[in-house]
*Asks:* 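I am attaching a structure below and will ask some questions about it afterwards.
Lettering of chains follows the sequences in order, A, B, ..., and the numbering in each one begins at 1.
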Amino acid sequence: MQDRVSPLLLAWYDSHARDLPWRVPPGGGSADPYRVWLSEVMLQQTTTAAVAPYFRKFIDKWPDVEALAAAPEEEIMGEWAGLGYYSRARNLVACARAVAERGGFPRSERELRELPGLGAYTAAAVAAIAFGQRAVVVDANVERVVARLFAIDDPLPAARKAIRAAAETITPERRAGDFAQAMMDLGATICTARDPKCLLCPLADLCRARETGRQAELPVKPPRKPKPHRRGAAWWIERDGKVLLVTRPGKGMLGGMRALPDDGWSARRDGSGDPPMPGEWKNLGSVQHGFTHFTLELSVMALAGQASGPLPEGIWHEIGKLEDAGLPTLFAKAASRARERG
DNA sequence: AATGCGGGGCG
DNA sequence: CGCCCAGCATT
(Lines give C-alpha, C1' and ligand atoms only; values in the text may rest on other atoms or scores of the structure.)
Protein backbone atom coordinates (compact mmCIF):
# COMPACT_ATOMS: atom_id res chain seq x y z
CA MET A 1 0.00 0.00 0.00
CA GLN A 2 2.73 2.45 1.03
CA ASP A 3 4.35 2.60 -2.40
CA ARG A 4 1.04 3.54 -4.04
CA VAL A 5 0.40 6.64 -1.93
CA SER A 6 2.90 9.16 -3.27
CA PRO A 7 2.22 8.57 -7.01
CA LEU A 8 -1.52 8.98 -6.48
CA LEU A 9 -1.08 12.01 -4.28
CA LEU A 10 1.45 13.74 -6.54
CA ALA A 11 -0.79 13.22 -9.57
CA TRP A 12 -3.66 14.77 -7.66
CA TYR A 13 -1.43 17.67 -6.59
CA ASP A 14 -0.35 18.36 -10.17
CA SER A 15 -3.91 19.31 -11.02
CA HIS A 16 -5.33 20.46 -7.68
CA ALA A 17 -2.53 22.39 -5.92
CA ARG A 18 -3.78 25.51 -4.17
CA ASP A 19 -2.50 28.79 -5.56
CA LEU A 20 -0.75 30.43 -2.60
CA PRO A 21 1.41 33.58 -2.62
CA TRP A 22 4.55 31.82 -1.36
CA ARG A 23 4.20 28.77 -3.55
CA VAL A 24 5.88 27.76 -6.80
CA PRO A 25 3.36 25.76 -8.89
CA PRO A 26 4.17 22.03 -9.23
CA GLY A 27 6.92 21.60 -11.81
CA GLY A 28 7.33 25.38 -11.93
CA GLY A 29 11.01 25.66 -11.01
CA SER A 30 12.90 26.21 -7.79
CA ALA A 31 11.59 27.91 -4.70
CA ASP A 32 13.36 30.82 -3.02
CA PRO A 33 14.54 29.58 0.42
CA TYR A 34 13.82 33.01 1.93
CA ARG A 35 10.20 32.94 0.82
CA VAL A 36 9.78 29.33 1.92
CA TRP A 37 11.26 30.03 5.34
CA LEU A 38 9.28 33.26 5.87
CA SER A 39 5.99 31.62 4.90
CA GLU A 40 6.63 28.52 7.02
CA VAL A 41 7.34 30.57 10.12
CA MET A 42 4.21 32.66 9.55
CA LEU A 43 2.20 29.50 9.00
CA GLN A 44 3.11 27.97 12.36
CA GLN A 45 -0.29 27.47 14.02
CA THR A 46 -1.76 30.04 11.65
CA THR A 47 -4.14 29.61 8.73
CA THR A 48 -3.14 30.36 5.12
CA ALA A 49 -5.85 33.05 4.90
CA ALA A 50 -4.44 34.92 7.88
CA VAL A 51 -0.86 34.65 6.61
CA ALA A 52 -1.33 35.75 2.99
CA PRO A 53 -1.58 39.54 3.53
CA TYR A 54 1.29 39.51 6.03
CA PHE A 55 3.46 37.52 3.66
CA ARG A 56 2.87 39.99 0.81
CA LYS A 57 3.57 42.93 3.10
CA PHE A 58 6.84 41.44 4.33
CA ILE A 59 8.03 40.50 0.83
CA ASP A 60 7.20 43.98 -0.45
CA LYS A 61 9.09 45.63 2.36
CA TRP A 62 11.97 43.15 2.73
CA PRO A 63 12.47 41.21 -0.53
CA ASP A 64 15.40 39.13 0.68
CA VAL A 65 16.95 37.88 3.89
CA GLU A 66 19.67 40.55 3.84
CA ALA A 67 17.04 43.30 3.81
CA LEU A 68 15.19 41.69 6.67
CA ALA A 69 18.40 41.20 8.64
CA ALA A 70 19.23 44.90 8.27
CA ALA A 71 15.82 46.11 9.51
CA PRO A 72 15.29 47.36 13.08
CA GLU A 73 13.70 44.75 15.29
CA GLU A 74 10.94 47.14 16.47
CA GLU A 75 9.87 47.73 12.89
CA ILE A 76 9.60 44.01 12.21
CA MET A 77 7.64 43.45 15.43
CA GLY A 78 5.32 46.25 14.37
CA GLU A 79 4.65 44.66 10.98
CA TRP A 80 4.01 41.33 12.70
CA ALA A 81 1.39 42.92 15.00
CA GLY A 82 -1.94 41.11 14.74
CA LEU A 83 -0.51 37.80 13.52
CA GLY A 84 0.06 36.43 17.03
CA TYR A 85 2.70 34.26 18.71
CA TYR A 86 5.14 37.13 18.84
CA SER A 87 8.14 35.03 19.86
CA ARG A 88 8.07 33.97 16.20
CA ALA A 89 8.86 37.54 15.17
CA ARG A 90 11.74 37.81 17.62
CA ASN A 91 13.13 34.48 16.40
CA LEU A 92 12.58 35.63 12.81
CA VAL A 93 14.90 38.58 13.35
CA ALA A 94 17.54 36.46 15.07
CA CYS A 95 17.33 33.85 12.30
CA ALA A 96 17.54 36.40 9.47
CA ARG A 97 20.66 37.91 11.01
CA ALA A 98 22.30 34.53 11.52
CA VAL A 99 21.53 33.51 7.95
CA ALA A 100 22.74 36.80 6.46
CA GLU A 101 25.91 36.49 8.52
CA ARG A 102 26.70 33.01 7.23
CA GLY A 103 25.86 33.98 3.65
CA GLY A 104 22.61 32.09 3.09
CA PHE A 105 20.38 29.34 4.39
CA PRO A 106 21.95 25.96 5.15
CA ARG A 107 20.61 23.17 2.94
CA SER A 108 20.46 20.27 5.36
CA GLU A 109 17.60 19.56 7.73
CA ARG A 110 20.07 19.13 10.60
CA GLU A 111 21.65 22.58 10.15
CA LEU A 112 18.28 24.25 9.54
CA ARG A 113 17.02 22.76 12.80
CA GLU A 114 19.66 24.74 14.72
CA LEU A 115 18.37 28.13 13.55
CA PRO A 116 16.14 30.10 15.96
CA GLY A 117 12.45 29.41 15.45
CA LEU A 118 12.96 26.32 13.32
CA GLY A 119 11.72 23.15 14.98
CA ALA A 120 11.32 19.68 13.54
CA TYR A 121 8.48 20.66 11.26
CA THR A 122 9.88 23.87 9.79
CA ALA A 123 13.38 22.49 9.27
CA ALA A 124 11.96 19.54 7.36
CA ALA A 125 9.61 21.74 5.33
CA VAL A 126 12.36 24.15 4.24
CA ALA A 127 14.76 21.30 3.43
CA ALA A 128 12.12 19.58 1.29
CA ILE A 129 10.37 22.53 -0.35
CA ALA A 130 13.31 24.90 -0.87
CA PHE A 131 16.15 22.43 -1.37
CA GLY A 132 14.49 19.28 -2.67
CA GLN A 133 15.85 17.15 0.15
CA ARG A 134 13.95 14.08 1.23
CA ALA A 135 12.64 15.11 4.63
CA VAL A 136 9.65 13.79 6.54
CA VAL A 137 7.36 16.75 7.05
CA VAL A 138 4.75 16.30 9.79
CA ASP A 139 2.32 19.07 10.64
CA ALA A 140 -1.27 18.92 11.88
CA ASN A 141 -2.54 18.15 8.35
CA VAL A 142 -0.10 15.30 7.84
CA GLU A 143 -0.93 13.97 11.30
CA ARG A 144 -4.59 13.84 10.43
CA VAL A 145 -4.13 12.34 6.96
CA VAL A 146 -1.70 9.70 8.19
CA ALA A 147 -3.74 8.81 11.28
CA ARG A 148 -6.70 8.13 8.98
CA LEU A 149 -4.78 6.47 6.18
CA PHE A 150 -3.18 3.98 8.60
CA ALA A 151 -6.08 3.94 11.09
CA ILE A 152 -3.83 4.94 13.97
CA ASP A 153 -6.25 5.22 16.87
CA ASP A 154 -4.04 5.83 19.89
CA PRO A 155 -4.77 9.31 21.25
CA LEU A 156 -2.46 12.24 20.59
CA PRO A 157 0.16 13.15 21.60
CA ALA A 158 1.24 9.53 22.28
CA ALA A 159 0.36 8.58 18.69
CA ARG A 160 2.96 10.96 17.24
CA LYS A 161 5.72 8.37 17.18
CA ALA A 162 3.60 5.92 15.17
CA ILE A 163 2.37 8.71 12.89
CA ARG A 164 5.91 9.85 12.11
CA ALA A 165 7.00 6.27 11.41
CA ALA A 166 4.06 5.81 9.05
CA ALA A 167 4.76 9.14 7.33
CA GLU A 168 8.33 8.01 6.84
CA THR A 169 7.14 4.97 4.87
CA ILE A 170 5.18 7.03 2.34
CA THR A 171 7.59 9.96 1.79
CA PRO A 172 9.15 9.63 -1.67
CA GLU A 173 12.84 10.15 -2.50
CA ARG A 174 11.97 12.56 -5.30
CA ARG A 175 9.55 15.48 -5.07
CA ALA A 176 9.51 15.35 -1.27
CA GLY A 177 8.63 19.05 -1.19
CA ASP A 178 5.67 18.64 -3.51
CA PHE A 179 4.65 15.56 -1.54
CA ALA A 180 4.64 17.56 1.72
CA GLN A 181 2.62 20.36 0.19
CA ALA A 182 0.25 17.84 -1.38
CA MET A 183 -0.38 16.24 2.01
CA MET A 184 -1.13 19.67 3.48
CA ASP A 185 -3.45 20.61 0.62
CA LEU A 186 -5.25 17.30 1.00
CA GLY A 187 -5.61 17.92 4.73
CA ALA A 188 -6.80 21.47 4.21
CA THR A 189 -9.34 20.84 1.46
CA ILE A 190 -10.39 17.14 1.47
CA CYS A 191 -9.20 15.30 4.57
CA THR A 192 -10.47 18.08 6.82
CA ALA A 193 -10.80 17.87 10.59
CA ARG A 194 -14.57 18.01 10.40
CA ASP A 195 -16.65 16.41 7.66
CA PRO A 196 -13.89 14.92 5.47
CA LYS A 197 -14.76 14.79 1.76
CA CYS A 198 -13.82 11.16 1.14
CA LEU A 199 -15.73 11.02 -2.14
CA LEU A 200 -13.21 13.47 -3.60
CA CYS A 201 -10.11 11.92 -2.05
CA PRO A 202 -7.44 10.44 -4.34
CA LEU A 203 -6.39 8.12 -1.49
CA ALA A 204 -9.87 6.91 -0.52
CA ASP A 205 -9.30 3.37 -1.81
CA LEU A 206 -6.15 3.06 0.30
CA CYS A 207 -7.55 4.58 3.49
CA ARG A 208 -7.88 2.14 6.36
CA ALA A 209 -10.05 4.46 8.45
CA ARG A 210 -12.49 4.76 5.57
CA GLU A 211 -12.79 0.97 5.33
CA THR A 212 -14.54 1.00 8.68
CA GLY A 213 -16.09 4.45 8.45
CA ARG A 214 -13.95 5.80 11.29
CA GLN A 215 -12.35 8.69 9.36
CA ALA A 216 -14.18 11.41 11.29
CA GLU A 217 -13.05 9.98 14.64
CA LEU A 218 -9.33 10.13 13.88
CA PRO A 219 -6.94 11.33 15.08
CA VAL A 220 -8.12 10.96 18.69
CA LYS A 221 -7.41 14.17 20.60
CA PRO A 222 -7.18 14.63 24.38
CA PRO A 223 -9.99 16.59 26.07
CA ARG A 224 -9.42 20.31 26.33
CA LYS A 225 -9.12 22.12 29.63
CA PRO A 226 -11.58 24.94 30.30
CA LYS A 227 -10.19 28.45 29.92
CA PRO A 228 -10.12 30.60 33.06
CA HIS A 229 -11.30 34.19 32.88
CA ARG A 230 -9.17 37.15 33.93
CA ARG A 231 -9.74 40.86 34.35
CA GLY A 232 -7.35 43.71 33.87
CA ALA A 233 -7.12 47.39 33.07
CA ALA A 234 -5.28 49.49 30.51
CA TRP A 235 -4.65 53.20 30.74
CA TRP A 236 -5.41 55.69 28.00
CA ILE A 237 -3.21 58.75 28.60
CA GLU A 238 -3.81 61.45 26.03
CA ARG A 239 -2.09 64.77 25.41
CA ASP A 240 -2.06 67.13 22.40
CA GLY A 241 -3.65 64.58 20.10
CA LYS A 242 -1.20 61.88 21.11
CA VAL A 243 -1.46 58.83 23.35
CA LEU A 244 1.21 57.28 25.53
CA LEU A 245 2.39 53.83 24.38
CA VAL A 246 4.85 51.55 26.13
CA THR A 247 6.97 48.65 24.89
CA ARG A 248 6.25 45.41 26.74
CA PRO A 249 9.09 43.31 28.18
CA GLY A 250 10.74 40.98 25.69
CA LYS A 251 9.48 37.75 27.25
CA GLY A 252 6.00 36.65 28.24
CA MET A 253 2.64 37.60 26.78
CA LEU A 254 2.79 39.92 23.77
CA GLY A 255 6.51 40.19 24.52
CA GLY A 256 8.36 43.03 22.84
CA MET A 257 5.17 44.57 21.45
CA ARG A 258 3.86 48.11 21.68
CA ALA A 259 0.95 48.44 24.09
CA LEU A 260 -1.08 50.69 26.32
CA PRO A 261 0.21 50.82 29.91
CA ASP A 262 -1.68 48.21 31.98
CA ASP A 263 -2.06 46.88 35.50
CA GLY A 264 -0.10 43.66 35.16
CA TRP A 265 -2.97 41.29 34.24
CA SER A 266 -0.63 39.13 32.16
CA ALA A 267 1.73 38.33 35.02
CA ARG A 268 -0.80 37.37 37.70
CA ARG A 269 -4.32 35.98 37.77
CA ASP A 270 -6.00 39.37 37.55
CA GLY A 271 -4.56 42.84 37.21
CA SER A 272 -3.96 44.95 40.30
CA GLY A 273 -6.31 47.69 39.14
CA ASP A 274 -3.74 50.23 40.28
CA PRO A 275 -3.28 53.15 37.88
CA PRO A 276 0.26 54.11 36.89
CA MET A 277 -0.10 57.42 38.68
CA PRO A 278 -2.69 59.18 40.83
CA GLY A 279 -5.38 61.13 39.07
CA GLU A 280 -9.03 61.17 38.12
CA TRP A 281 -9.66 58.08 35.96
CA LYS A 282 -12.80 57.54 33.94
CA ASN A 283 -13.94 54.08 32.80
CA LEU A 284 -14.50 54.01 29.05
CA GLY A 285 -15.84 50.46 29.13
CA SER A 286 -14.16 47.13 28.53
CA VAL A 287 -13.11 44.91 25.64
CA GLN A 288 -13.18 41.11 25.55
CA HIS A 289 -10.31 39.11 24.15
CA GLY A 290 -9.52 35.41 23.92
CA PHE A 291 -6.00 34.06 24.32
CA THR A 292 -4.81 30.50 24.04
CA HIS A 293 -5.20 29.63 27.72
CA PHE A 294 -7.51 32.28 29.20
CA THR A 295 -9.99 34.96 28.25
CA LEU A 296 -9.57 38.56 29.30
CA GLU A 297 -11.92 41.41 30.05
CA LEU A 298 -9.84 44.54 29.81
CA SER A 299 -11.22 47.78 31.21
CA VAL A 300 -10.04 50.88 29.39
CA MET A 301 -9.45 53.79 31.75
CA ALA A 302 -8.84 57.34 30.60
CA LEU A 303 -7.18 60.12 32.54
CA ALA A 304 -9.80 62.83 32.92
CA GLY A 305 -7.71 65.72 34.24
CA GLN A 306 -4.03 66.46 34.57
CA ALA A 307 -1.49 63.84 35.60
CA SER A 308 -0.19 64.42 39.10
CA GLY A 309 2.82 62.11 39.07
CA PRO A 310 5.57 60.84 36.81
CA LEU A 311 4.32 59.18 33.64
CA PRO A 312 5.25 55.63 32.63
CA GLU A 313 8.24 55.40 30.32
CA GLY A 314 7.00 55.38 26.75
CA ILE A 315 6.49 57.25 23.51
CA TRP A 316 3.72 59.64 22.44
CA HIS A 317 1.97 58.37 19.35
CA GLU A 318 -0.39 60.34 17.08
CA ILE A 319 -3.93 59.18 17.80
CA GLY A 320 -4.83 59.66 14.15
CA LYS A 321 -2.14 57.17 13.13
CA LEU A 322 -2.77 54.41 15.66
CA GLU A 323 -3.25 51.87 12.87
CA ASP A 324 0.48 52.18 12.19
CA ALA A 325 1.50 51.84 15.83
CA GLY A 326 2.05 48.09 15.63
CA LEU A 327 -0.40 47.25 18.41
CA PRO A 328 -1.35 43.59 18.90
CA THR A 329 -5.06 42.93 18.53
CA LEU A 330 -5.98 43.23 22.21
CA PHE A 331 -4.59 46.75 22.45
CA ALA A 332 -5.91 47.71 19.03
CA LYS A 333 -9.37 46.83 20.38
CA ALA A 334 -8.73 48.83 23.55
CA ALA A 335 -7.55 51.84 21.53
CA SER A 336 -10.63 51.66 19.31
CA ARG A 337 -12.83 51.65 22.39
CA ALA A 338 -11.04 54.71 23.76
CA ARG A 339 -11.41 56.59 20.50
CA GLU A 340 -15.13 55.82 20.29
CA ARG A 341 -15.94 56.65 23.88
CA GLY A 342 -13.20 58.98 25.00
C1' DA B 1 5.26 14.95 28.57
C1' DA B 2 3.19 19.29 29.76
C1' DT B 3 2.74 24.14 29.45
C1' DG B 4 2.80 28.97 27.61
C1' DC B 5 2.14 31.43 23.71
C1' DG B 6 -2.52 34.92 19.48
C1' DG B 7 -5.72 35.37 16.64
C1' DG B 8 -9.15 34.46 13.22
C1' DG B 9 -12.46 31.47 10.78
C1' DC B 10 -15.62 27.88 10.39
C1' DG B 11 -19.70 24.88 11.48
C1' DC C 1 -20.04 29.25 21.24
C1' DG C 2 -16.18 25.29 20.69
C1' DC C 3 -12.75 23.56 17.75
C1' DC C 4 -9.03 24.01 14.73
C1' DC C 5 -4.91 25.78 12.52
C1' DA C 6 1.94 24.55 7.56
C1' DG C 7 4.56 24.60 15.99
C1' DC C 8 8.38 26.21 18.97
C1' DA C 9 10.81 26.90 23.31
C1' DT C 10 11.06 25.82 27.86
C1' DT C 11 10.61 22.99 31.80
*Asks:* Testing the basics here: between V138(A) and Y121(A), what is the closest heavy-atom pair and its distance to 0.1 Å?
*Replies:*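 Distance-wise, the nearest heavy atoms are O-CD1, 3.7 Å.
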*Asks:* If I take atom CD in residue Q44(A) and atom P in nucleotide dG6(B), what distance separates them, rounded to the nearest angstrom?
*Replies:*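 Whole-Å distance recorded here is 13 Å.
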*Asks:* How far, in whole Å, is dC5(B) from dC5(C) if one measures between their C1' atoms?
*Replies:*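 Each nucleotide's C1' atom is 14 Å from the other's.
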*Asks:* Strictly below 4.0 Å, heavy-atom distances to any atom of DNA chain C: list the hits from residues 152-173 of chain A, or just say none.
*Replies:* none
*Asks:* How are the rings of W62(A) and F58(A) set relative to one another: parallel (under 30°), tilted (30 to 60°) or perpendicular (over 60°)?
*Replies:*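 If you compare the ring of W62(A) with that of F58(A), the planes turn out perpendicular.
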*Asks:* From the 5' end of DNA chain C to its 3' end, which nucleotides mark the outer limits of contact with chain A, defined by a 4.0 Å heavy-atom distance cut-off (strictly under)?
*Replies:*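 Here the contact window of chain A covers dG2(C) to dA9(C).
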*Asks:* Could you write out each protein N or O paired with an N or O of nucleotides 9-11 of chain B at a distance under 3.5 Å?
*Replies:*
residue	atom	partner	partner atom	Å
dC10(B)	O2	R194(A)	NH2	3.3

*Asks:* Taking the basic N atoms (NZ, or NE/NH1/NH2) and the acidic carboxylate oxygens, is any pair closer than 4.0 Å for E114(A) and R110(A)?
*Replies:* yes
*Asks:* Q288(A) has an atom CD; how far is it from atom C1' of dG8(B), in whole Å?
*Replies:* 17 Å
*Asks:* Classify the nucleic acid contact of R90(A) as base, sugar-phosphate or nothing, counting any heavy atom under 4.0 Å across all strands shown.
*Replies:* nothing
*Asks:* Apply ring pair (Phe, Tyr, Trp, His ring centres under 6.0 Å) to H317(A) and list each qualifying residue two or more places apart in sequence or on a separate chain.
*Replies:* none
*Asks:* What is the distance, rounded to the nearest whole Å, between atom CG of L330(A) and atom C1' of dG8(B)?
*Replies:* 15 Å
*Asks:* Do any of residues 116-132 of chain A sit with a heavy atom less than 4.0 Å from DNA chain C, and if so which?
*Replies:* P116(A), G117(A), L118(A), G119(A), A120(A), Y121(A), T122(A)
*Asks:* Does L20(A) reach a base, just sugar-phosphate, or nothing at all? Heavy atoms under 4.0 Å.
*Replies:*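 Base: the residue L20(A), judged by heavy atoms under 4.0 Å, touches a nucleobase.
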*Asks:* Say we look at dT10(C) and dG6(B): how far apart would their P atoms be, to the nearest angstrom?
*Replies:* 14 Å
*Asks:* Using a heavy-atom cut-off of 4.0 Å across all strands, would you classify M184(A) as base, sugar-phosphate, or nothing?
*Replies:*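 Answer is base: heavy atoms of M184(A) come under 4.0 Å of a base.
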*Asks:* Using a strict cut-off of less than 4.0 Å between a Lys/Arg side-chain nitrogen and an Asp/Glu carboxylate oxygen, indicate whether E238(A) and K282(A) qualify as a salt bridge.
*Replies:* no
*Asks:* For residues 188-206 of chain A, which side-chain donor-acceptor pairs fall under 3.5 Å, sequence neighbours excluded?
*Replies:*
residue	atom	partner	partner atom	Å
T189(A)	OG1	D185(A)	O	2.8
T192(A)	OG1	R194(A)	O	2.9
T192(A)	OG1	D195(A)	O	3.3
K197(A)	NZ	D195(A)	O	2.9

*Asks:* Compare side-chain N and O positions of H293(A) against OP1 and OP2 of dT3(B) and report whether any pair is under 4.0 Å apart.
*Replies:*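 For dT3(B), neither OP1 nor OP2 has a side-chain N or O of H293(A) closer than 4.0 Å.
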*Asks:* Please evaluate residues E143(A) and R160(A) with respect to the criterion salt bridge (charged side-chain N to carboxylate O under 4.0 Å, His left out), reporting the C-alpha separation (whole Å), side-chain torsions for both, the decisive distance (0.1 Å), and the verdict.
*Replies:* CA-CA 8 Å; E143(A) 260 177 22; R160(A) 296 229 158 89; 2.4 Å; yes
*Asks:* Within the 4.0 Å heavy-atom criterion, would you say G82(A) contacts the bases, only the backbone, or no part of the nucleic acid?
*Replies:*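 The answer is sugar-phosphate, as G82(A) gets under 4.0 Å only of primed atoms, P, OP1 or OP2.
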*Asks:* Between L92(A) and L112(A), is there shared hydrophobic-cluster membership here, with clusters defined by ILVMFWY side-chain heavy atoms closer than 4.5 Å?
*Replies:* yes
*Asks:* Distance from Y86(A) atom OH to L254(A) atom CG, nearest 0.5 Å?
*Replies:*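 Reported value, rounded in 0.5 Å steps: 6.5 Å.
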*Asks:* Suppose you measure atom P in dG11(B) against the same atom in dA6(C); what distance do you get, rounded to whole Å?
*Replies:* 14 Å
*Asks:* Report yes or no: is there a donor-acceptor pair, N or O only, under 3.5 Å between the side chain of T46(A) and the base of dG7(B)?
*Replies:* no
*Asks:* Counting any heavy atom closer than 4.0 Å, what does T292(A) reach on the DNA or RNA strands: base, sugar-phosphate only, or nothing?
*Replies:*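 Contact class for T292(A): base.
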*Asks:* Over how many whole Å does the gap from F291(A) atom CZ to dG4(B) atom C1' extend?
*Replies:*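 Rounded to whole Å, this separation is 12 Å.
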*Asks:* I'd like to know if D32(A) and R35(A) make a salt bridge, using a cut-off of under 4.0 Å between side-chain N and carboxylate O.
*Replies:*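 Result for this pair is no, no salt bridge flagged.
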*Asks:* Show, in sequence, the C-alpha distance, side-chain angles and deciding distance for N91(A) and R88(A), and conclude whether the side-chain hydrogen bond (donor to acceptor under 3.5 Å, both in side chains) test is met.
*Replies:* CA-CA 5 Å; N91(A) 285 330; R88(A) 290 185 296 173; over 6 Å; no
*Asks:* OH of Y85(A) versus P of dT3(B): gap in Å, rounded?
*Replies:* 15 Å
*Asks:* Between dC8(C) and dG9(B), how far apart are the two P atoms, rounded to whole Å?
*Replies:*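 Roughly 23 Å separates the two P atoms.
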*Asks:* What's the shortest heavy-atom distance between M42(A) and Y54(A), and which atoms?
*Replies:*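 Closest approach of M42(A) to Y54(A), heavy atoms only: CE-O, 3.7 Å.
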*Asks:* What about H293(A) and F291(A), are their ring centers closer than 6.0 Å?
*Replies:* no
*Asks:* Atom NZ of K225(A) and atom P of dC5(B): how far apart are they, to the nearest Å?
*Replies:* 14 Å
*Asks:* Using whole Å, what does the distance between atom P of nucleotide dG8(B) and atom CG of L43(A) come to?
*Replies:*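 From L43(A) CG to dG8(B) P: 16 Å.
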*Asks:* Does E217(A) form a salt bridge (charged side-chain N to carboxylate O under 4.0 Å, His left out) with R148(A)? I'd like the steps, not just the answer.
*Replies:* CA-CA 9 Å; E217(A) 303 163 24; R148(A) 289 171 177 170; over 6 Å; no
*Asks:* Whole angstroms only, please: what is the NZ-P distance between K227(A) and dT3(B)?
*Replies:* 16 Å
*Asks:* Using the rule given for side-chain hydrogen bond (donor to acceptor under 3.5 Å, both in side chains), can you reason through Q181(A) versus R23(A), listing the C-alpha separation, both sets of side-chain angles and the distance that settles it, and then say yes or no?
*Replies:* CA-CA 9 Å; Q181(A) 294 178 93; R23(A) 181 176 281 180; 3.1 Å; yes
*Asks:* Identify whether any heavy atom of W22(A) sits under 4.0 Å from a base atom; if not, whether one sits that close to sugar-phosphate; answer base, sugar-phosphate or nothing.
*Replies:*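 Result for W22(A) = base.
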